[in-house]
Participant: 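Have a look at this one.
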Amino acid sequence: QTTMLMQEEEDAASLKLTADFQKAKCLMNSEVAILFIHKRENTQEDTDEFRKTEAYVNRFSKYKEKETAKDVRALLTTHGLEEFEIAAVANLSPEHPEEAYSLVPSLKRIPEDQMQTILDSLAKHRAYD
């Protein structure tokens, strides 16, 4: 019964998140990759986990430049996306509203035409980065 109660309390699809997660800043892979560049410049850390994580975020980063990543976060924030949604949309890069709604169901609150505008803007950022 406790498990069932927790499932009712926490549901990412409807943005019902635990208090800790609501306060957390969700990072895009691109932002993590930028942090790894800074970390690599300022430390000699070279563990297996560090290398694997760095390789992962570099492989899946959609926005390579720091300014582009900042612009993407600002764009998504301006459109009222929550932290979880920002990271998910930026990392998954859906091309159509239906795909975005399928991947991140909480986005269904955003009208389809507005969602397409957001996705088109993200595609332009990827094209110029």
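Predicted, not measured: the structure shown is a model, and the values here were computed from it. Throughout, numbering of the chain's residues begins at 1 and tracks the sequence.
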Participant: Are I34 and H38 side-chain neighbours, meaning at least one heavy-atom pair lies under 4.5 Å?
Facilitator: no
Participant: For the pair E82 and S106, evaluate side-chain contact (heavy atoms from CB on, under 4.5 Å) and give the outcome as yes or no after the intermediate values.
Facilitator: CA-CA 9 Å; E82 300 291 331; S106 60; over 6 Å; no
Participant: If you measure from OH on Y63 to CG on L122, what distance do you get to the nearest 0.5 Å?
Facilitator: 4.0 Å
Participant: Counting N and O atoms only, with roles assigned by atom type, does the side chain of S102 sit under 3.5 Å from a partner on the main chain of E98, one being a donor and the other an acceptor?
Facilitator: no
Participant: Determine whether V104 and L81 make a side-chain contact, defined as any pair of heavy atoms from C-beta on separated by less than 4.5 Å.
Facilitator: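 No - every pair of side-chain heavy atoms lies 4.5 Å or more apart.
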Participant: Mark yes or no for whether T43, through its side chain, and K39, through its backbone, hold a donor-acceptor pair below 3.5 Å.
Facilitator: no
Participant: Mind checking whether I37 and V57 sit in one hydrophobic cluster, side chains of I, L, V, M, F, W, Y counted as touching below 4.5 Å?
Facilitator: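 Each belongs to a different hydrophobic cluster.
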Participant: Given 3.5 Å as the limit, does a donor-acceptor pair link the side chain of E83 with the main chain of C26, or not?
Facilitator: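 Yes, the answer is positive, given that a donor and an acceptor are paired below the 3.5 Å cut-off.
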Participant: Heavy atoms, side chains only, cut-off 4.5 Å: are L119 and V89 in contact?
Facilitator: yes
Participant: Where the side chain of T68 meets the backbone of H125, is there a donor-acceptor pair that is under 3.5 Å apart?
Facilitator: no
Participant: Quick one, K62 and N91 - any side-chain contact, counting heavy atoms below 4.5 Å?
Facilitator: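 No; the side chains remain at least 4.5 Å from each other.
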Participant: Charged N to carboxylate O under 4.0 angstrom, K70 versus E67?
Facilitator: yes
Participant: Is there a path of hydrophobic side-chain contacts, each under 4.5 Å between heavy atoms of I, L, V, M, F, W or Y residues, that connects L75 with L103?
Facilitator: yes
Participant: Do R73 and K25 come within less than 4.5 Å of each other through their side chains, counting heavy atoms only?
Facilitator: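 Side-chain contact under 4.5 Å: yes.
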Participant: Short question: side chain of E31, backbone of M28 - any donor-acceptor pair under 3.5 Å?
Facilitator: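 Yes, because the side chain of E31 sits within donor-acceptor range (under 3.5 Å) of the backbone of M28.
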Participant: What closest approach, in Å, do T53 and F36 show between heavy atoms, and which atom pair accounts for it?
Facilitator: CG2-CZ, 3.5 Å
Participant: Spell out, as yes or no, whether a donor-acceptor pair under 3.5 Å connects the side chain of Y56 to the backbone of N29.
Facilitator: no
Participant: Out of curiosity, D120 CG to H96 NE2, how far, rounded to the nearest 0.5 Å?
Facilitator: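 That separation rounds to 9.5 Å.
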Participant: Could E85 and R109 be called an ion pair, given the rule that one side-chain N must be under 4.0 Å from one carboxylate O?
Facilitator: yes
Participant: Is I86 reachable from I118 through a run of hydrophobic residues whose side-chain heavy atoms are each under 4.5 Å from the next?
Facilitator: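 Yes, I118 connects to I86 through the hydrophobic network.
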Participant: What's the separation between atom CG in L35 and atom OG in S30, rounded to the nearest 0.5 Å?
Facilitator: 11.0 Å
Participant: Do R40 and D46 come close enough that some side-chain heavy atom pair is under 4.5 Å?
Facilitator: yes
Participant: Can you check whether K64's main-chain N or O pairs, donor with acceptor, with S61's side chain at less than 3.5 Å?
Facilitator: no
Participant: Rounded to the nearest 0.5 Å, what separation is found between the CG atom of L76 and the OG atom of S121?
Facilitator: 9.0 Å
Participant: For residues L107 and M115, determine if any side-chain heavy atom of one lies less than 4.5 Å from a side-chain heavy atom of the other.
Facilitator: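 Yes, at least one pair of side-chain atoms sits under 4.5 Å.
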